[in-house]
Structures are given as C-alpha cells and as structure tokens.
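Notes to accompany the following structure.
Below, each value reflects all heavy atoms present in this structure, side chains not excepted, and no hydrogens, waters or symmetry copies. Since the structure is predicted, the reported quantities are computational estimates derived from the model, not experimental observations. Here is how names work: the chains are called A, B, and so on, in the same order as the sequence lines, proteins then strands, and each is numbered from 1.
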Amino acid sequence: MKKIGLTPYLLLLPSLIYLLLFFAYPMVQSLQLALRREGQYLHLRAEAKEEAAPTGTVAMQTDVTVLDRVRGEELLPNGRTRPVYWFLVEGPDTSGVPVQGWVSQRDVFIESRTESTTARVVNGEATQEWTLDYVRRMVTDFRFGNALATSVLLIVLILPLQFILAIVMALVLQSQIRGSTVFLYIYAIPLGISDLASGILWYSIFTQRGFLNSFLVSTGLLDQPFIFIQAGNQGWMIAAIVLAEVWRATSIVMVIVVSGLQAVSRDVIEAGEVFGANLWQRLRYIILPMLKPSLQVALILRTILAFQVFAVVVAITGGNVITVLANETYRWYDPARFNNPNVAAVYAGFIMLLSLGISFFYLRAVRSQEEATRAT
Amino acid sequence: MTETTYPDRIKPITPSAERLDAQRRRAKLAHAVRRASIYILAVAIAIWILLPIWLIASMAFSTPADVRAFPKQILPSPFSTQTLEFFLNTQGIINSTINSLVVAVLALVISTLLAVPAGYAIARYLFPGRDAIRLGILSVRAFPVVVLAVPLAVVFIRLGMFDKVHSLAMMHAALTLPTTILVVASVFASVPYELEEAALIFGCTRAQAFWRIVLPLALPGIAAAAILTFVLSWNEVFAAILLTISNRTLPAQILYTLDKSGDPFKFAGGFFMLVPSLIFIFFIRRYLFNMWGQINK
Amino acid sequence: MAEIVIERAVKRFGKFVAIDDVSLTVHDQEFVVLLGPSGCGKTTLLRAIAGLGMLDDGRIVIDGRDVTYLPPKQRDISMVFQNYAIFPHMTVFDNIAFGLKMRKLAKETIRERVDHAAKLLHIENMLERYPGAMSGGQRQRVAVARAIAYDAKVLLMDEPLSNLDALLRLEMRAELKTLLARLGATTVYVTHDQIEALSMGDRIAVMRAGKILQVDTPTRVYDLPANQFVGSFIGNPPMNFLYGQVRRQDGATKIKIGELLITPPEEMQPPLRAYEGRHIYLGIRAENMEALTQPSPDTLPVTVEVIEPLGSQNLLTAHIEGGMLKISTHPDFPATTGGQIWLRFPVRKIRWIDPDSGEAIVPDLEKVLA
C-alpha cells in the first residue's frame, strides 16, 4: 500500500462523478417526475384591478360561474383605449372549496362577455407542486395489482428453485470430476444470454407448434397440440416464465455459490466426515451455514433482478394477460401507448422501494437469526 | 527395512477372504455408484442448459417452412440458412445490429477507461474513505435499470440527447461501471505489489512501473471485465427500448416488433442474439469468480 | 485401545503412485510419527488410515477389524487437521461437541466430555466464543480438544504444529506429548519436522517417494540410519558422507580417504570384503568426529572454510577431497577460517553405506554383534 496523497482521489474522481451523474441525478429526477406536478393557477382578485389582493386560486381549465361583470378601460401603447371586462366569478379552488373573486377577460374563455353566466379559466401562473395523483393513478390502475402479484409470485416460485439448482451445480463442480472446467463453462453460458433471447428460446418450446407439443404428439402422449400459452392457461404461462428464468438466471447464483464454496476449506468438510457426519449432515451443519454470506448476497441480487424481469414475460406471453411491474413501467412510458412518464416514474420508484425493502428485510432476518443462535 | 509384515498375524482376527472380497466389492461398487451419479447429475444439468440452445439453433438453421412445420424436428433437415437470411434481411435488423455493436463498444470503452484508474486506486492505495467508496460502488452495482431508465429518458429528451446511440452507450457504461471497477480492482490486487516496487528499484517511475509491469499482468482480467460490459450492453433491452426510437439496438428492435413477427423471425433473432454471448463467456470463464468471488469482503 | 496394521497399501493418483506398497504396524497405545519431505506420501497414508480416500490395494486393520473399505465414521478414529479445520460458524463448545452430537449421545454426557477435554487443553473459559477471533494456538487447542473428546481408538494428527510460530510450537510440543502419554491413545502423527519427530515419537517411520525407508526408535533412526537418505534427512546438520576406497592392506580390509586409512571394526570386516577394489560411503555425524589442532596418527587433515558459532557448539565447514564436511566442536575449540585441523573418525560411529543402493551395508549392526 502506498502512502496517502491526492492521487487515489484523482484516480477515482472521474468514476465517482460519472456514477453520480447517472445514478444520483436520475434518482432526483425520478422523484420529481413521480411526485411533482407542473400546473398553472389563476389568482382571483378582491377588486377588478390587476394589483388588487388575491382572494384565492383556481386551476387552469376550471369551470366557474360568472356572478357579476364590470367594463373597464385599458390603455394601449398607441395612446388609445379599449374596453376590458372584469368578471366576478365563483369556482372551486385547488382543494375544492368554492372561492369568489375578480378575473380579467384575458384569463378566462367566455362565450359572450355581456351575457354568459359560465366561463373557463385559461390562464395563470406556472407553478410546481407536490402531488400524489400519479401514485393514485398507478395504484388504482386495474393492472397494478395484477403486475405486483405476478412479480411477487414469480419471485416466490423462481428463487427456491434457483437456489437449490445452483447449490447442486456448485457441489457437482466442486466434487473433483473430470472435465469440470467444461461443465463450468456450460453452466455459465446462460450468464451471457439476455432475458429476451431466453424468452424466445422457451417460447419456441411452449408455443402451440413448439418443441414440447412436438414431443408430446410424436410420442403419442397427446393426440393434438395443447395450447399452453393462451388467456385461459395462466398457470402454464407462469410455468414457462419460471422455467425460462430458472434456466437463464441460475448461473449467476451458481457462480456466487461456487466462489463461496471455494472459501470453505476441504479440511473443514473432511473434519465433518471424520467426526461422523454423513453427506446430508455435512451439507446441513457445515456447508450451508458457511455459505450463508454468499447465499445472502445472491438472494438480494436475485430479488432485485427478478423485479426487472420484463422481456421474458413479453416474449413468452405477449405481456398482456400476464404482466409484471417492469412491463407496466414500460407500458406507461411508451409514447405509442400511455405516454405518461410520470406514472412510469412512480412504477420505477415503487420497484426501487420494494427492492430496498426486501434487501433490508433479508439482512435483518439473517442477523436476528444469527443473534438467536448465538444466544442459545 | 526393519519392519516386517505380519500376514499370519492378521488372518485370524480379520474377516475371511470371501467376506473381505465381498466387502471390497461392495465398497468399490458404492464408490463407483457415487461417482457415476455425480457424473450423471453433471451431464443432466449440462443437457438442461444446452438443449434449449440446441433447439433454437436447429430452428435458426432450418427452412422457414420447417420452422412453421409441426411436429418439429430436433435436427435441421434440410440444413438451411434461409431463416437466418430472412431475419437479417428484415428491415431494421442490420441497422439495429450495427447500433448494438456501436453502443456495446462505446460502453466498453467508456467503462474501461473510467474503471482502470478507479480500480487501481482501490487496489493499491489505503486512503480515508476507501471503504465507504468501495461500499458505495458495491451497493449501486445491483441498481435496477428499470428505475434509472425512465428519468434518464426524460433528462435526455430535455438535453436533446434522446434517441442517440452514444446516450444509450453512456447509460450502459454507467450500469456496468461499478462491476467493472470492482473486477479491475481485484485484478490489480492480484498483481503483487512487490513487482511494482522492484520496478521502482530498477529505475522505473511510478507511471512506467504501472505501464510496463502492472498493466501487462492485469490486462487479461481487464479484458474480461471489458467483455462483460460488452455482453451486458449487447443484451440490455429495457433502457434500450426506452431511450431509443429510430436508433433501436437489436434487442429493442426485436422486442418492439415481436408481436408483429412470425416464428421464423423470432427464432432466428433469438439465436442471433445469443451467439456472441456463447463466445464471450468462453473467454471470460476464468474470471467469473473474480467478478463475484470478492463479494463478501 | 487398538493396534493399526497397514499391509501392502497402495494409493495412486492417476499415474502418480503416492503410497507404494507400504506396510506398517502401530502397536496399541504407541505414538508413531510419519516423517518425510513434502510429497513423500505421509499425509496420504494418514488420510488412508482415516478413510479419506480409498486405498487402491492392500488393507488397513484397526483393532482386529478390516476397515479398508469403511467410511471414516465407522473406523472409530479421530483426527487433528493441519489447518485445524475448526468450524468457523460454531462456538468452541459446538466444535468440540460436534462428533459427539453426530453420535447422538445424551446432552449431559456431551457436556461432561466437552468440559473434560476443554480442561485438559485449558480452554474451558472459551467455550462460548467463536473461533474467528481466536489465535492460532487457541484454535490448535480447540482442534485437539475436539479430537480428544471424540474418544476414538485411534488419534490421527496431520502436521498439527506446523502453523504455529516457533516458540508456541515448542511449548505445544511438550504439552501434547504429556497429554497423549496420559491418554494412552494409539497415535499416528505426520510431520516434516525431524526435531518434532525425534522429540515426540515412540517410533519414527521415515518416508520418501511413497515408501517407508525405516521404522525405528528416534535414537536408532538418528544413530543408525538405514540408508543415506535417512542419514541426511534426519539430524541438523545432516550426516556427512565421505567417499572412500576399499582396499586390502596388511591382511585386513581398509578404507582409504585421502591419505588416511581407516580400519573397520572386526564385525564389519566380512561384509566389507565384498567391496574390495570399489568405493563406499562412510556416514558420520558432525558431533561424532574428533577434531584436533595438531597432526596425529590416523587423522585426516582438512582446511576450515566457515565457522558458525551456534552457542552450545561451533559448526565448522571443511573442504575435503570430493565434498564438504560439517564438524561440530566445542565452542572453545581454536579453529580459524582458512586454518588446518585434523579429524579422527571413531570407527564404531561410522555407518557403512553401499554407494549404488545408498543402503547401509549392515543395517542391523547390533544383531550382528549379538
């Protein structure tokens, strides 16, 4: 290690600035998109004058009733005057309470200046305000509950399968078999495969004229192809997504578990053997407890990544009948569909909070469990 | 040798020859069964991984008629590149492939150039705040793309950087930068500092020592990290589909046209996308554990 | 208590033969040390006794039971590992109790035996601690306590002291020796440290390249090495080997080294006759030569090249025809670098070695005498 100077900070600076730019700044932006609304508000005046005291504010596009009107004069730059109407109006303010006050004819749309009894506010000052409207839009959208439930269901189904398979893979790789480097490469292949490609792969298996049906029909197990992927068969669609995700994303867990296993010395496992533990007991009492830190990291990582599952779902099911949170984010953002980045940002924030919450929960759960074992 | 063997002393107290033989056979059999089951398991898992790849590959090399046929063949017969050609000739595919390559290479260059000095600093210097910075980098490496893509798209629109290939590349570089820094740091840490000191003793400046001794030794690991960035960028679809419209990358283009496309297009596209991954994972397989092994420390 | 009989054991790793037709008997309550350079197969042999890795041929009998193909669990053995192999996620208590729990013993029995073992190793106040924060010496004690508490017929130790620093090793060595003598367990102890082997073992089995070269008490291994390898591997400095010509002179077989003629003792005359006209090696330990400052009959003049004062003795390195010679002298012996001294070789202390095989010409000299 070298002595401290300015050098390490200078070396790190570009990266840190870059990360701040692409992580911290978007986070702030995201918060604004999700919770701030840009609006224009008109101040109602106590008298028919520009400089009169405000009596309340009315949002743009609010319909108001006209109670009274006065005709004033306005001085034009060329020295002439022209008539300007002021109206006494009543309408709901931003919180829905009726307010009264004077507005100039420039600020409202009115059919007839002399006769109409209703008008619509068309002008005002631009302001920003906090709002939960977008959050409300997300929560009340009928797909939201669906997407959340499916996302959670997928995690509950996928993670246990992934962890069991990954541990088995890692134990096989560590059991000193010939060609273990070849097996390692094969097991690691899915690491480099995108969720879209993986979705298409499993679509080719589960689709009506796919490989699974080909197999079932040509072996005579079915007379004609079974349509796995259709609106009435949500169970099969979920199963296909689960398989695709287990197939694709187990490798990363496997790599983490193998590096965890490498840190467990052979001696320790052999000590278990010498002192009378059988294979299951060695796994249960020695290997798994020692892998706990690695498993915890893998669990957090996989949970966070699982909320981002998106292309698999679209590739296998089309993303309409079965939807997940990331898919909803895209749907709200997509200019060709809802074109509402604000609600999309709320979804993004929601995914963020879920990820953080679950990570925190895992860490707490593991820690309290450790304290419990230490206490006994 | 002073030690002699005692064959006649053992005989009376050990099991008879046949029983011993039976015991030996049983033990050898049990051992063989154990080994065999491990191999069977290993091969079964390998088949589980490889079979879907084989299936999609066989589709990609069949004629479009065979792709639509039912029941499907496991082997492409006749072997044909028509389906792949059809895919590649579909409008927008060549362009989006070029876009994907440009984005991935740009992302790789940006992320590597930023990560090498940062990784070196973390590996070689002990300075106040080092652990905090490390932890910070560690914690953003699992940061969800979904969360970043929406606000970045809005910011890019505002700055006039929306729908630009280099904007997406910058985003991908940001996504992989934390991982790249940590991998590069672990690679530098594995080059003994004594070598650098030896170079200093024998007349190198610090920069020369880095350039002539450390960098060549760390280069394979850095290359692995760079390849990882390439693969991640090549595969990334969420940010790509949000941040681009006319300059789509390959996955974004395929995803966007997925519901309007027939099976031959989908299967050929699926295969085409996973080929680079097969190659690149082969090159970086030695470094997989560098990427995730140091995670607990 | 138990006797271990290893009979014609063979273990291969691919083409490499790690244990090459080894036979060894460890008597009941005996402490046998397997000693040899790294890669000689000593650890492999120990692991074969433990049941960690199956023999390719031969058999292992413990207490009259053929255990060659049994897993460790059924062999009634216990072991101390080189890197201690303490379970890091368990308390000291759980570590020591592990084997007993696997045997499903009653809770009170476990508590009792753990406490007993912990007391023997003076770690009774650490039972609730985790090994993570413990020193190497403390972990070592936990590993030994775990092995003792398991109370098996056979205790196996794989270089248990090699990871300790020098001072601690010295202390632990003595402590282990008393402890094991008290327990009376049949013990096989692997080490590459000859001092450890000489000071601890009832018998030492010296191994090289998968074979046992000699099994004997420490004194006999030291004084009467079976061959050149054992002589040079054991002892510090290693045994000197002088190259001498065997010739017939004055009606007796004599060996000529430089100008010096050595007359072998009477009992060596018959076997050495066969070597007349050829060369043999004479093995002699540094402390067994007599160094003189003046020429005298039957001495070999040598030039001192290096003097290393070692406190209790001075170690001289001298140049002779065809090699170097290490001579241990009293610190007061007035040798000077570059000066000449004269060496006398007491014939009873010489080991006569066949130059082709490296084996002692008469391995059991006492038997010949008797």
Side-chain angles (χ1 to χ4, degrees), chain A residues 163 167 170-171 174-182 256-257 259-299 362-363 365-376, chain C residues 13-14 43 46-47 49-53 70-91 93-105 128-132 139 142-152 154-160 163:
Chain A
F163 274 73
I167 290 170
L171 289 175
Q174 290 285 292
S175 62
Q176 294 176 321
I177 53 174
R178 270 164 201 270
S180 62
T181 50
V182 177
I256 295 174
V257 173
S259 26
L261 264 186
Q262 284 172 342
V264 178
S265 85
R266 276 197 79 72
D267 272 6
V268 170
I269 300 171
E270 284 179 346
E273 203 178 342
V274 164
F275 291 105
N278 61 31
L279 187 65
W280 168 248
Q281 287 168 324
R282 291 201 293 274
L283 193 64
R284 169 76 186 76
Y285 296 114
I286 299 171
I287 298 175
L288 287 183
M290 291 184 67
L291 277 181
K292 203 147 78 185
S294 308
L295 293 177
Q296 188 182 327
V297 167
L299 197 60
Y362 285 151
L363 291 170
V366 169
R367 192 177 310 146
S368 58
Q369 195 192 334
E370 260 166 23
E371 276 159 12
T373 50
R374 214 157 281 200
T376 51
Chain C
F13 295 113
T43 295
L46 188 82
R47 291 169 55 87
I49 301 172
L52 301 167
L70 297 182
K73 194 180 168 146
Q74 296 172 32
R75 295 188 177 208
D76 205 4
I77 47 111
S78 164
M79 186 158 168
V80 178
F81 289 81
Q82 179 171 10
N83 301 311
Y84 318 138
I86 300 288
F87 307 124
H89 58 290
M90 296 181 192
T91 59
F93 181 91
D94 287 333
N95 261 287
I96 301 174
F98 184 82
L100 307 174
K101 281 181 182 165
M102 290 297 121
R103 280 187 185 159
K104 298 200 167 53
L105 296 187
E128 298 312 318
R129 283 173 55 183
Y130 281 86
R139 287 179 204 209
V142 176
V144 175
R146 180 175 64 179
I148 288 173
Y150 196 50
D151 198 19
V154 170
L155 182 57
L156 305 173
M157 303 188 136
D158 186 6
E159 310 220 14
N163 284 345

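With a 4.5 angstrom heavy-atom cutoff, R75(C) does not touch chain A via any of its atoms. Proximity to chain A (any heavy atom under 4.5 Å) is shown, for I77(C), by both the backbone and the side chain. Neither the backbone nor the side chain of L100(C) comes within less than 4.5 Å of any heavy atom of chain A. For Q281(A), the part sitting under 4.5 Å from any heavy atom of chain C is the side chain, from C-beta outward, and nothing else.
Although no hydrogens or angles enter the test, the distance criterion places a donor-acceptor pair under 3.5 Å between the side chain of S78(C) and the main chain of A147(C). When atom types are taken as modelled, the side chain of D158(C) and the backbone of Q82(C) share no donor-acceptor pair closer than 3.5 angstrom. Not one N or O on the side chain of H89(C) forms a donor-acceptor pair closer than 3.5 Å with the backbone of L288(A).
Salt bridge annotation for D76(C)-R103(C): present, with a cationic side-chain nitrogen under 4.0 angstrom from a carboxylate oxygen.
For the set N83(C), V80(C), L156(C), I86(C), the count of heavy-atom pairs under 4.5 angstrom toward chain A peaks at N83(C).
The aromatic rings of Y150(C) and F275(A) stand perpendicular to each other, their planes meeting at an angle above 60°, with 30° marking the opposite boundary.
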